[in-house]
Amino acid sequence: MKFYGNTRVLEQTAEMVRKGREPHSLIIHGEKGLGKKTLAKYIAAQLMCEEHTGTPCGHCRACTLIERGAHPDLIFVQANEKGNYFVDDIREQVIADAAVAPNEGDIKIYVIPDFDLSVQTSVQVQNILLKLIEEPPDHTALILTARSRETFLTTIISRCVSLSVAPVTMQESGEYLQNTYPDRDYSEIAEALEAGKGNIGRCRSYMEKEQFYYSADLARQLGKAYVTGKEYEMLKALAAAEGKKPLLRESLYLFSELVRDACVHLAGGEAVGCDSAISDSISGRLTLSSGAQLYDTITKSVRMIDANCSLSLVCNSLCAQLF
Ligand SMILES: [Zn+2]
């Protein structure tokens, strides 16, 4: 069992296990693709491993079951198809279940992933979880994940151990790709590495030609259209995402990252976006202040999508503002 990078975070929880001060409530936060669910699984193994060294041994019964996704006491709570958790489900799957002793070892772990996507019921659900967090039975631990820690009520944040997941180095993500895809061409790996940078989830999604592959492609087209000043090209590129909300949202987000990188390039710093060459050309058209304005305009479009505005309205108003 390996979690790439983030050694400081892994050491923090390992130290707690070694000292016998296992945390009962944790928040894992960080951008999509950085491995929040994988980290939750790793921490579960730290807490459940029969060797109790803080580093999952990888061969005891608990580690093996976790690795196979078959440990009966590691419960990943399921949201509905829109990402919402419902009060009744949390009561049944977490609160009521927490009263029952573990099946295997001495601890039961509940993971509630992507909590930030549960927009409709967030506050009610957190208020229900608060009781469990305030007075957890000895045999339970709760791990919440979200892109931002601000998703949670301050009463929850103050009672949880917060762990922030960061991107890994290019070398670490390269190592991950080579280990995971030993039969692929190096050129293919290099392309995924450039697109995903230190975000392993993105690199993997690119290799698998999942949504990120297409979003990165669209973001590059938007960047090129902006650099050449061709509004028609931008509208044409955006039209390809017509009716595909998640694709459009991610593409615009990646486009905003290219602009952020362009500003970073002007100020001198490291790129995180999906195409360093394009962000360098964007920087040729910007000053730091016009760059900041452009970044705001694009992120505003992303927020409009999140607020359920019509996608064609978002695209048209973006183009109107950019040209
Ligand atoms: Zn073990």
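Fair warning: this is a prediction, and the values are worked out from it, not measured in the lab. Just follow the structure's listing: the first ligand is 1, and inside any ligand the first atom is 1.
Heavy atoms only, all atoms of each residue included: Ile107 and Leu47 are closest at CG2-O, 4.2 Å. Between Phe3 and Leu34, the shortest heavy-atom contact is CZ-O, 3.9 Å.
Under the rule for a salt bridge (Lys or Arg N to Asp or Glu O under 4.0 Å), the partners of Lys108 that lie at least two apart in sequence or sit in another chain are Asp97. Residues satisfying the salt bridge (Lys or Arg N to Asp or Glu O under 4.0 Å) criterion with Glu104, sequence neighbours excluded, are Arg61. Partners of Arg220 by salt bridge (Lys or Arg N to Asp or Glu O under 4.0 Å), not counting sequence neighbours, listed by chain and number: Asp217, Asp275.
Of all protein N/O/S atoms, those lying under 2.8 Å from the Zn ion (ligand 1) come to 4.
Using a 4.0 Å cut-off between a side-chain N of Lys or Arg and a carboxylate O of Asp or Glu, Arg159 and Glu134 qualify as a salt bridge.
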